[in-house]
Amino acid sequence: MDEAKIISIREELEAELTWRENELKLLKNQLVKIQSKKEQNIYRKSLVVMLYAHYEGFCNFAFQTYVIAINEERLLRKQVNNYLAAASMHQEFTLFENEEFKERQFKKIFGQKPPEDRKLFKLSKRKYLLDALEF
């Protein structure tokens, strides 16, 4: 990833964080305008909820920004760390873990009613997973 792209991502993250921090400061400053201690405590509870919402929103934004940037690089799985490779294979792992999944080649060879041979079925699923690994 070139330096200009990294700077652009950082600017996006900083802008997102800045507006969130400014909004939280504004809300916190409203607390001094509340006279009653009871109402202040109620307001503080709502501030905690807003803090959590902003934290969650920022983390989601940052993660999505990161995912988009990585995808734009068009990297192969062998070029990234195992965590990213595993995350990119969510669909393949889900199908692999599904007991009912029959790989296309398995269906092509045996038709819509393949034999109930567990070993053959297991081999077919393993082949499917290896195909997805892009060796």
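Both Met89 and Leu130 belong to a common hydrophobic cluster when Ile, Leu, Val, Met, Phe, Trp and Tyr are linked at side-chain heavy-atom distances under 4.5 angstrom.
Evaluation of the salt bridge (charged side-chain N to carboxylate O under 4.0 Å, His left out) rule for Glu73 yields no partner, not counting sequence neighbours. For Glu14, the side chain to side chain donor-acceptor pair (under 3.5 Å) partners two or more places apart in sequence, or in a different chain, are Arg10. Partners of Arg126 by side chain to side chain donor-acceptor pair (under 3.5 Å), not counting sequence neighbours: none found. Judged as a side chain to side chain contact (heavy atoms under 4.5 Å, CB included), and not counting sequence neighbours, the contacts of Thr65 are Ile9, Glu12, Leu13, Phe61. By the side chain to side chain contact (heavy atoms under 4.5 Å, CB included) test, Ala85 pairs with Arg77, Val80, sequence neighbours left out. Under the side chain to side chain contact (heavy atoms under 4.5 Å, CB included) criterion, Asp2 pairs with Ala4, Lys5, not counting sequence neighbours. In this structure, the side chain to side chain contact (heavy atoms under 4.5 Å, CB included) partners of Ala86, at least two apart in sequence or on a different chain, are Phe93.
Think of Leu31 as one node in a network of Ile, Leu, Val, Met, Phe, Trp and Tyr side chains linked at under 4.5 Å; its network also takes in Leu24, Leu27, Ile34, Tyr43, Leu47, Met50, Leu51. Residue Ile68 shares its hydrophobic cluster (ILVMFWY side chains chained together at separations under 4.5 Å) with no other residue. Through direct or indirect side-chain contacts shorter than 4.5 Å among Ile, Leu, Val, Met, Phe, Trp and Tyr, Ile7 is connected to no other residue. Trp19 belongs to no multi-residue hydrophobic cluster, having no ILVMFWY side-chain contact under 4.5 Å with any other such residue.
With values rounded to the nearest 0.5 angstrom, Tyr55 atom OH is found 11.5 Å from Leu17 atom CG. The CE atom of Met1 sits 10.0 Å away from the OG atom of Ser8 when rounded to the nearest 0.5 Å. Atom-to-atom distance recorded for Ser36:OG and Asn41:CG is 8.5 Å, nearest 0.5 angstrom.
Annotation: Gln64, atom CD; neighbour count of heavy atoms from other residues, nucleotides and ligands within 6.0 Å is above 12. Remark: Gln79 CD is packed, more than 12 non-hydrogen atoms of other residues, nucleotides or ligands lying under 6.0 Å away.
Every pair passing salt bridge (Lys or Arg N to Asp or Glu O under 4.0 Å) that includes a residue from residues 16-29 is listed here, sequence neighbours excluded: Glu16-Arg20.
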Please walk me through it: do Gln35 and Glu39 pass side-chain contact (heavy atoms from CB on, under 4.5 Å)? CA-CA 8 Å; Gln35 301 299 316; Glu39 289 177 354; over 6 Å; no
